[in-house]
Amino acid sequence: MIRGLYIAASGMIAQQRREEIVANNLVNASTPGYKQDEPSLRTFGDLFLLRLGSPASDISLPLAPGVGPLNLGATMEDAPPRFTPGPLVETKRNQDFALIDPPGRQSRPGGVEAFFAVEGPNGQILLTRDGQFIEGPNGQLYTGDGYRVLAAGPNGQVIPGSSVALDASGAVHTYDGTGAEVFGGLAVVDAPVAALQKQGTGVYVLTPGAAGGLVPSFAQVRQGFLEQSNVDPGQTMVQMIDVVRAYEANQKVIHTVDQSMDKLVNQVGRVNA
């Protein structure tokens with residue numbers, strides 16, 4: 001009976017965590033380039049029950065008749081982002097850029113996706129699909145979080161310490177780490193999805209030592225467009241309702257177990273006067 005209490009409690013904790021992830025997806029439904037997280041639950045290791053003390057008392061443990069598996073509850077396993085492309089909208093804003101993946105590429109777990117390369121606070125390369133940039137000093141482009149947009153050379157390789165700027169006409173100019181203008185464009189790289197770690201809303205970093213690393217991408221860059229979030233608000237609301245119902249179901253189980261234990265303690269075996 002007490003085991004059932006803990007199983008239901010673990011289910012409530014898992015659903016609470018799932019609700020947080022679904023709510024975060026809903027909040028970022030209008031965030032450019034945001035990729036929704038997909039929570040997944042798993043059960044703890046199941047136990048297989050055997051019936052002992054049967055009439056055939058000489059039955060050994062390996063030969064005891066089976067009763068069936070016993071589930072020990074659920075837990076949140078992971079919430080990887082789903083890198084399906086979001087719809088493109090035209091903004092006609094020179095500081096906005098969108099990535100269009102090469103034809104035939106399928107977004108799937110363990111696949112490869114294209115990202116803008118930006119410089120993190122410690123000089124590391126961060127990745128994002130959010131192309132809603134802003135202009136800083138000297139017209140340099142930055143993300144909304146203040147990360148400087150990096151440039152790529154003629155071979156497509158990211159130039160460390162580089163920068164990207166726009167002139168009055170909206171034309172893109174790229175500069176190396178010394179400030180000298182070089183021929184190139186916005187740094188766009190391909191990265192293995194399975195090796196990415198989240199560093200904030202829509203920002204990722206490649207796991208050190210990941211196989212494949214960052215390579216120049218063949219994705220098309222479109223100026224004056226933005227990629228919208230791939231969150232479907234309607235579907236996300238349905239998921240939220242499902243989470244609430246699952247949470248309430250586990251809550252009712254705890255209430256039922258509590259009532260049964262109350263009767264066991266206060267009523268069973270009571271001697272009437």
Legend entry - Side chain Q223, main chain N94, donor-acceptor under 3.5 Å: yes
Inset, instruction - Indicate if I21 and M240 have the same hydrophobic cluster label, given that clusters are the connected sets of ILVMFWY residues with side-chain heavy-atom separations under 4.5 angstrom. - result: no
Legend entry - D96 and T91: side chain donor to acceptor below 3.5 Å: yes
Inset, instruction - Keeping the roles fixed (side chain from D101, backbone from A219), state whether a donor-acceptor pair exists under 3.5 Å. - result: no
Legend entry - Pair E20 + R17: basic N to acidic O under 4.0 Å: yes
Inset, instruction - Would you please say whether a donor-acceptor pair under 3.5 Å links the side chains of Y34 and N24? - result: yes
Inset, instruction - Please report the shortest heavy-atom distance between L196 and T207, naming the atom on each side. - result: N-OG1, 4.4 Å
Inset, instruction - Flag yes if L127 and F83 sit in one hydrophobic cluster, no otherwise; membership is Ile, Leu, Val, Met, Phe, Trp, Tyr, and two members link when side-chain heavy atoms are under 4.5 Å apart. - result: yes
Legend entry - Nearest non-hydrogen partners of G120 and L126, listed with the distance: CA-CD1, 3.6 Å
Legend entry - Where A152 and A187 come nearest, the two heavy atoms and their spacing: CB-CA, 3.7 Å
Inset, instruction - Working to the nearest 0.5 Å, report the span between CD of Q16 and OH of Y247. - result: 5.5 Å
Legend entry - Set of residues satisfying side chain to side chain donor-acceptor pair (under 3.5 Å) with respect to E227, sequence neighbours excluded: K35, R129
Legend entry - Within 6.0 angstrom of K252 NZ, more than 12 heavy atoms from elsewhere: no
Legend entry - Q228 versus S30, closest heavy-atom pair with distance: OE1-O, 4.5 Å
Inset, instruction - Might you work through the side chain to side chain donor-acceptor pair (under 3.5 Å) test for N28 and S229, ending with a clear yes or no? - result: CA-CA 7 Å; N28 287 284; S229 167; over 6 Å; no
Inset, instruction - Nearest 0.5 Å please: distance from the CD1 atom of I159 over to the OG1 atom of T174. - result: 6.0 Å
Legend entry - From CZ (F225) to CD (E90), nearest 0.5 Å: 4.0 Å
Inset, instruction - Determine yes or no for a side-chain-to-main-chain donor-acceptor pair under 3.5 angstrom, with D176 supplying the side chain and G179 the backbone. - result: yes
Legend entry - Under 3.5 Å side-chain donor-acceptor pair for Y142 and Q140: yes
Legend entry - Pairwise side-chain contact, F115 with S217, heavy-atom cut-off 4.5 Å (strictly under): no
Legend entry - Where V164 and L150 come nearest, the two heavy atoms and their spacing: CG2-O, 3.5 Å
Legend entry - Atom pair CD (Q95) and CG (L166), whose distance is rounded to the nearest 0.5 Å: 6.0 Å
Legend entry - Polar side-chain atom of T128 near backbone of G202 as donor-acceptor pair, under 3.5 Å: yes
Legend entry - Intermediate values then yes/no, side-chain contact (heavy atoms from CB on, under 4.5 Å), V253 and V257: CA-CA 6 Å; V253 170; V257 172; 4.3 Å; yes
Inset, instruction - Is it possible for you to say whether V205 and V149 belong to one hydrophobic cluster, with membership spreading through side-chain heavy-atom contacts below 4.5 Å? - result: yes
Legend entry - Residues F97, V172; criterion side-chain contact (heavy atoms from CB on, under 4.5 Å); working and verdict: CA-CA 11 Å; F97 296 86; V172 175; 4.0 Å; yes
Inset, instruction - With sequence neighbours left out, write down each residue that passes ring-ring contact (aromatic ring centres under 6.0 Å, His included) with F116, or none if nothing qualifies. - result: F133
Legend entry - Inter- and intrachain pairs under salt bridge (Lys or Arg N to Asp or Glu O under 4.0 Å), touching residues 178-187, at least two apart: none
Inset, instruction - Carefully, step by step, assess D37 and R82 under the rule salt bridge (charged side-chain N to carboxylate O under 4.0 Å, His left out). - result: CA-CA 6 Å; D37 295 326; R82 179 165 61 91; over 6 Å; no
Legend entry - Pair T143-D145, side chain to side chain donor-acceptor pair (under 3.5 Å): steps then yes or no: CA-CA 5 Å; T143 68; D145 294 324; 4.9 Å; no
Legend entry - D130 side-chain N/O to Q132 backbone N/O, donor-acceptor pair under 3.5 Å: yes
Inset, instruction - Starting from the C-alpha separation in whole Å, work towards a yes-or-no answer on side-chain contact (heavy atoms from CB on, under 4.5 Å) for L99 and V221. - result: CA-CA 5 Å; L99 295 176; V221 180; 3.7 Å; yes
Inset, instruction - Group every Ile, Leu, Val, Met, Phe, Trp and Tyr by side-chain heavy-atom contacts under 4.5 Å, then state whether V182 and Y175 land in the same group. - result: no
Legend entry - Backbone of Q124 reached by a side-chain donor or acceptor of N122 within 3.5 Å: no
Legend entry - Nearest-0.5 Å distance that lies between atom CG in L206 and atom CD1 in I125: 9.5 Å
Legend entry - In one Ile/Leu/Val/Met/Phe/Trp/Tyr side-chain cluster, 4.5 Å: V189, V193: yes
Inset, instruction - Verify, without hydrogens or angle tests, whether S162 (side chain) and A151 (backbone) share a donor-acceptor contact under 3.5 angstrom. - result: yes
Legend entry - Side-chain H-bond candidate by donor/acceptor type, N25 with T236, under 3.5 Å: no
Legend entry - Residue pair Q251 / H255, side-chain donor-acceptor N/O under 3.5 Å: no
Inset, instruction - Could you tell me the separation between the CZ atom of R18 and the CD atom of Q239, rounded to the nearest 0.5 Å? - result: 6.5 Å
Inset, instruction - Could you pull out the closest heavy-atom pair between L226 and P32, with the gap in Å? - result: CD1-CG, 4.2 Å
Inset, instruction - List the steps and the verdict of side-chain contact (heavy atoms from CB on, under 4.5 Å) for L141 and I134. - result: CA-CA 6 Å; L141 294 183; I134 57 177; over 6 Å; no
